[in-house]
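Have a look at the structure below before the remarks.
Note that ligands are numbered from 1 as they come in the structure, with each ligand's atoms numbered from 1 the same way.
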Amino acid sequence: MKATRSVVIGLVSVAAALAAGHLVAGLISPLASPFLAVGNTAIDLTPHPVKDFAIRTFGENDKLVLLGGMAVVLAGLGVVAGLLSRRSPWPGTALAGVLGLLGLAAVLARPTSTTWAFVAPLASLVVGVLAFRWLWSRASAQAPAEAVSTEAPGRRKFLASTGAIAAGAGVAALGGQWFAGRVDVEASRRAITLRPRVKAPEIPFDADFVREGTPPFMTPLDKFYRVDTALSIPRLRAEDWRLRVHGMVDNEMVLTYDDLLRRPLEEKTITLVCVSNEVGGPYISTANFIGVSLSDLLRDAGVRPGSDQLATRSVDGWTCGTPVESIMAPGSNAMLAIGMNGEPLPLERGFPVRMVVPGLYGYVSATKWLVDMELTTFDAFDPYWAQRTWAKKAPVKTMSRIDRPKSFERVPAGKFVVAGIAWAQHTGIDRVEVRVDGGPWQETTLSTEVNVDTWRMWRVELDLKEGNHTVECRATDRKGYTQTDQRAAPIPDGATGWHSMVFTSVAG
Ligand SMILES: Nc1nc2c(c(=O)[nH]1)N[C@H]1C(S)=C(S)[C@@H](COP(=O)(O)O)O[C@H]1N2
Ligand SMILES: [Mo]
């Protein structure tokens with residue numbers, strides 16, 4: 001068989017197999033799609049430095065890059081399978097079978113796997129093998145005809161059969177997407193109006209120094225940093241949502257979205273920080289969260305003595321462990337959030353319900369698409385990131401960042417305003433100092449404080465001679481702790497060290 005034909009057969013069979021699995025998954029359970037399951041497994045198995053690299057390099061596109069990479073690898077395998085099968089269909093058949101079994105294993109191993117999930121990868125396996133065998137027989141049946149130089153009809157038949165399967169694969173893949181999306185989450189979200197009983201206080205005009213280079217105090221939702229392991233955003237309707245509260249409690253509960261709406265809704269301005277944030281990094285944002293008090297809810301459930309960890313689970317299987325005392329402490333402001341910046345939670349923010357606990361990094365506090373809460377102990381359960389060598393407990397560290405000047409920026413010599421942000425969540429910032437070229441520390445002016453659970457901005461006017469400079473900043477919190485200059489990487493419990501910026505003052 002010609003090499004081009006064998007390659008086309010391999011590629012089309014792979015596409016047919018993936019599309020068939022995706023279609024069946026769309027009908028029974030979207031996360032059972034073998035393509036997505038393999039991708040999600042890859043994310044879970046990726047060592048965290050690689051994960052951090054992916055987030056840093058590709059940002060929010062990291063998952064698209066992964067899916068694209070998987071498509072390239074699968075296409076490559078299809079090509080190899082085709083080329084190996086020029087004389088006999090068995091190498092390709094075997095490869096289709098092995099890939100199918102891998103898909104099956106990935107789907108079954110997912111924590112979200114449902115009873116019938118195996119049907120989707122099974123469809124991939126069967127369709128992949130059958131498509132390959134059929135196309136192979138069509139292609140080789142024409143071979144003698146080619147030999148006697150009546151190539152045209154043979155090629156036409158071959159093109160017709162591969163074209164038909166390729167088109168079928170396209171339709172099946174789109175159908176799978178459509179069926180998966182038919183659970184109309186957007187409509188569910190649009191139907192919700194949130195009327196918090198207590199609104200967050202207005203943000204004072206001098207809570208940020210935007211014109212001098214700091215971020216705006218409130219982060220618009222499309223600018224809010226995003227970090228999660230979800231390859232496809234879970235699609236859970238508010239009306240279908242249930243939260244099970246169980247484990248070391250006196251009263252097990254199952255809550256509905258309406259149950260939450262019947263509780264007093266409060267709006268709070270809170271900053272969220274990711275433990276992966278490097279010194280000077282971007283993974284920090286601030287929003288108005290609307291939700292119900294988590295400590296009130298746990299009091300209703302009756303936490304038994306001895307339970308020190310709240311284990312929470314997302315609908316996609318991601319898990320999180322939060323110290324019970326951080327939630328129950330007076331004024332903890334821990335909440336089950338259903339709204340952000342006045343809207344119901346956006347889908348990628350954990351619609352319909354997520355958790356927020358000020359003072360703790362997101363991976364130990366901010367479960368999105370929350371569906372299960374178990375009161376347990378730190379000894380008894382390790383959540384997702386603790387299983388991957390991150391710390392079990394991770395309070396947010398007091399830190400500061402320079403936003404102006406930017407790295408290697410050329411600024412006018414003479415008077416120049418340096419500005420940035422600082423945070424000591426749940427404690428409050430006492431002061432921020434800067435120094436230039438290793439000189440004496442100088443106090444900066446802080447913005448008006450909104451509350452201790454949010455970031456705070458700072459600015460200072462410097463008078464600088466022409467030439468290269470290095471500016472450093474350090475924050476001190478209300479407990480009297482001043483940021484250490486010792487640089488530490490984000491793993492296992494958050495980066496430390498002073499942020500510094502090299503820039504040049506030039507004669508204007
Ligand atoms: N279900 C789920 N919730 C999650 C995560 C996740 O991977 N899955 N990541 C956590 C981490 S590490 C952070 S920093 C915050 C980020 O929330 P955001 O994406 O809304 O900014 O969500 C937390 N909640
Ligand atoms: Mo995070």
Requested in this report: Please could you name the atoms of ligand 1 that C274 approaches to less than 4.0 Å, counting only its heavy atoms?
Outcome: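 Numbered from 1, ligand 1 contributes 14 (S).
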Query raised in the report: Quick one: which ligand 1 atoms are inside 4.0 Å of a heavy atom on F224?
Result: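 In order of numbering, the contacting atoms are 21 (O).
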Query raised in the report: Cationic tip of R474 within the cone over W441's six-membered ring, i.e. under 6.0 Å and within 45° of the normal?
Result: yes
Would you say [X] has any N or O atom under 3.5 Å from an N or O of ligand 1, going by distance alone?
| X | value |
| --- | --- |
| A366 | yes |
| K368 | yes |
| S314 | yes |
| Y225 | yes |
| D228 | no |

Report summary line: Nearest non-hydrogen contact to atom 17 (O) of ligand 1 from the set R349, R354, R226 belongs to R354
Query - Closest to atom 7 (O) of ligand 1 (judged by heavy-atom distance), picking from T229, V227, V371 - result: T229
Query - Pairs meeting criterion salt bridge (charged side-chain N to carboxylate O under 4.0 Å, His left out) with involvement of residues 385-394, two or more places apart - result: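 Non-adjacent pairs meeting salt bridge (charged side-chain N to carboxylate O under 4.0 Å, His left out): D382-K392.
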Query raised in the report: What residues, two or more places apart in sequence or in another chain, satisfy side-chain hydrogen bond (donor to acceptor under 3.5 Å, both in side chains) together with T470?
Result: none
